[in-house]
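Both backbone and side-chain heavy atoms feed into the values below; hydrogens, waters and symmetry mates do not. Labels below follow one simple rule: chain letters A, B, ... track the order of the sequence lines, proteins then strands, and each chain is numbered from 1.
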Amino acid sequence: MSVYDYDQIRTTDIPIIVTTMQLGVGILTLPKIVAEIMGSSDGWLVILISGIVMLGIGALIGQVINRFPGQSLLSISNQLLGIWITRFIFLLLALIGLAYLAVVLRITGMLAKLYFFDLTPIEVLILIFALVIIYCVAGLRIAIMRICLLFLPIIIGILIIIFLFNLGHMRWDNLEPYFTADWRDIVRGTATALPSYNGIIIFLFYGYLAKTSPKIPRMIMIGTSVVITLYILVFIFSVGVLGLYTTINTIFPTIEMAKEAEVPGGFFERLQSIFFAVWMLAIFTSGVFALDISTMMLESIFQKVSKITWILSLAPIGYFLSMIPRNEVEILSMSSWAAIALFAVAIPLPIILLIADRVKRRTAHG
Amino acid sequence: MVRLLCLVLCILLTGCWDRREIEDVGFIVGVAIDVAGSKDSSSAEDATQAPEGERTYRMTFQQVSPSNIQQASGKSGGGQQQAYWNISSEGNTMMEVVKFIAARSPRVPFFEHQKAVLFSEEVAKSEGFRELIDFFIRSPEMRRNTRVYVVKGMAKVALDAAPPDIKLPAFYLDRIIANMEKSSRVIPESQLGDIHERMLSRRSFTALHVVPGKQDVSIVGNAVFSSEDNRMVGALDGEDVEGRNLITGEYYSGAIKAKFRDGIFTYNITKVKSSIELEDPTPENLKVTIKIKVEGNISETFEQADFFHPGVLEELESLIEDELVRLTERAVIKCQKEYETDVLGLSEYLSKRYPKLWVSVKNDWETGMKYFTKSDITIKPEAQIRTSGVIIKSR
């Protein structure tokens, strides 16, 4: 039995895949945006609350997949919403995916240039990254799932290492005062933190590859819980190690934390290089999903055009889009627009589908 | 066709813009910043137009010569090569000076392993401190745990002062601090990250105050920086620092000497626990009590007595408590009345336990209404003697 017989996602692999889908560029700025909006260490609370909300969405995604086992999202949506609404939504999603790809490409290029490459032009860095993403997307969809299985242990491993080696620098009194946020801050904070879990919706598009099982919703929730835990830990460590004001003032506090990590005895001085290399894996999977979903959506609408044609058409567009923001402020602004757009269009999708399903069943009886 | 394309693309693999051979990397391990002196201007050719009203500084960079580290192993006599090279240049901004030294150095400056930033007192007392430190915090190459020092006299002298068996003076400083915990009194240090956080949160902070000798560097205390304009406003000497440590509770080990009858005795502190209590929350008249509990042993005494007698122990404990009050009040007077900077931890206490009160006073804590200066700080010490060594009397 060769490993290439893996043509359906095993149920126990779902948490791993869902976690990989959510970890990406977001975690690098998460402590800053949450600390900024909350103004205190209570950010962990809003990360938790928004995570719990997304657990609900995850369960709904699982339900949709279970009601239509083995069917692609195109087929499900056509049955429930009709061809034209489906085409409209899919077109929007394709555009959002493209925007996401552009954001991922640009942020990756910017980070690589800022921290590591002084002379190499950013266009080259983004090009190389884009080429690898294209190569991955051009393969089988199930292969992308296998990549998640391969990468996640490494990604979580490096995070745990960063946490462990920062324990010595952790100052618990940086987190005080506790519980100073009022309900207004919490609402605003939750709204800010919600888009960090956007990746969860990606699984809806790959649900057809999953082996039929009643455990799917549970597995999606387990994967999301891992993400919630990691996000809370990143936030607490960032405020504890760097300080609250520093976290608010640093653009990528997670990377600065990686710089602080120290192995006593001067064994590793530049842990951030390893961290960055590993985090490339996480960002890479985000980019792959962005391009793959765009492709999937357009393939579904225009079935006569081949997948590779779409990939080779979309990727250059994504590349050019990634060049549009002129500075950091514009990049982060484009990124939050893409996140809000995805949240508005894609997250309600499982809800809409389930409602449509219920309506259909009722009218079928009546 | 595809094979031809692959072959052509392989040409792109032959170069790399950011290739850095390890021999070409100039590891900068320490930077010293002084005010530019006209008599020392060996770099007149670097002179650029200074913007209106801006000061010129002289920066000295300690660059490691990796190949010489093996050779410079403490053999007295000639022919010994230094493991490092101090190179100086003058300019108005850090970046400008870095470019100047890069032009004169055979290696590209690389700051990732920097251990120390040293400011001369003159620069620390001017706006130069906070202006120049921006470079160190902002650069992606910098590390937040680089230590910051204030040097009495010329800062660059400290980059040459090291015992013969230590190869890099910048590392020597690090070693002293690492050993401080175990050997003598602890003087609180400041790293770039700490200073960044303190400056952002508009708090006063301290840095290590050092005096370089020919072959050693003494850490004499703390340089105190005000939160208002981040300038050095004063210094805390050894005893002030002890008092401050007792108040903040960050006192790892140390000894107190006090007069006992006709002689002196030494009390070795093994544990310190300090807690702050707010007695009166009215901003104009804050009353704060700081309870300091210390535990320790008698390690030395000139005057003999029966140290098993509870009365004697009580007498000693009360003498210790008096000494604690003397040390801490010294620190309080210096910080509160003379320098008007809160480096005693009061602002942290308020912001954590009484956040609402803190929000109302924080803008006038050290400036304006000066609530910190007006507050009333009382010390309540409590000393415990655990043992008196292995004997009771020595004569």
Using distance alone, with no hydrogens and no angle criterion, decide if [X] and [Y] have a side-chain donor and acceptor under 3.5 Å apart.
{"X": "B:Gln63", "Y": "B:Ser105", "result": "yes"}
{"X": "B:Gln114", "Y": "B:Thr146", "result": "no"}
{"X": "B:Arg198", "Y": "B:Ser190", "result": "no"}
{"X": "B:Glu112", "Y": "A:Gln272", "result": "yes"}

Quiz item: Does the distance from a Lys or Arg side-chain N to an Asp or Glu carboxylate O, for A:Glu36 and A:Lys32, drop under 4.0 Å?
Solution: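 A:Lys32 and A:Glu36: salt-bridged.
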Taking side chain as everything from C-beta outward and backbone as N, CA, C, O, which of these in [X] sits under 4.5 Å from a heavy atom of chain B? Side chain, backbone, both or neither.
{"X": "A:Val241", "answer": "neither"}
{"X": "A:Ile248", "answer": "neither"}
{"X": "A:Thr120", "answer": "both"}

Quiz prompt | Contacting moiety of B:Ser351, where chain A heavy atoms sit under 4.5 Å | solution =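 It is the backbone, since no side chain atom gets that close.
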Practice problem: Among the options A:Thr180, A:Thr250, A:Leu242, pick out the one with the most heavy-atom pairs lying under 4.5 Å from chain B. | Solution: A:Leu242
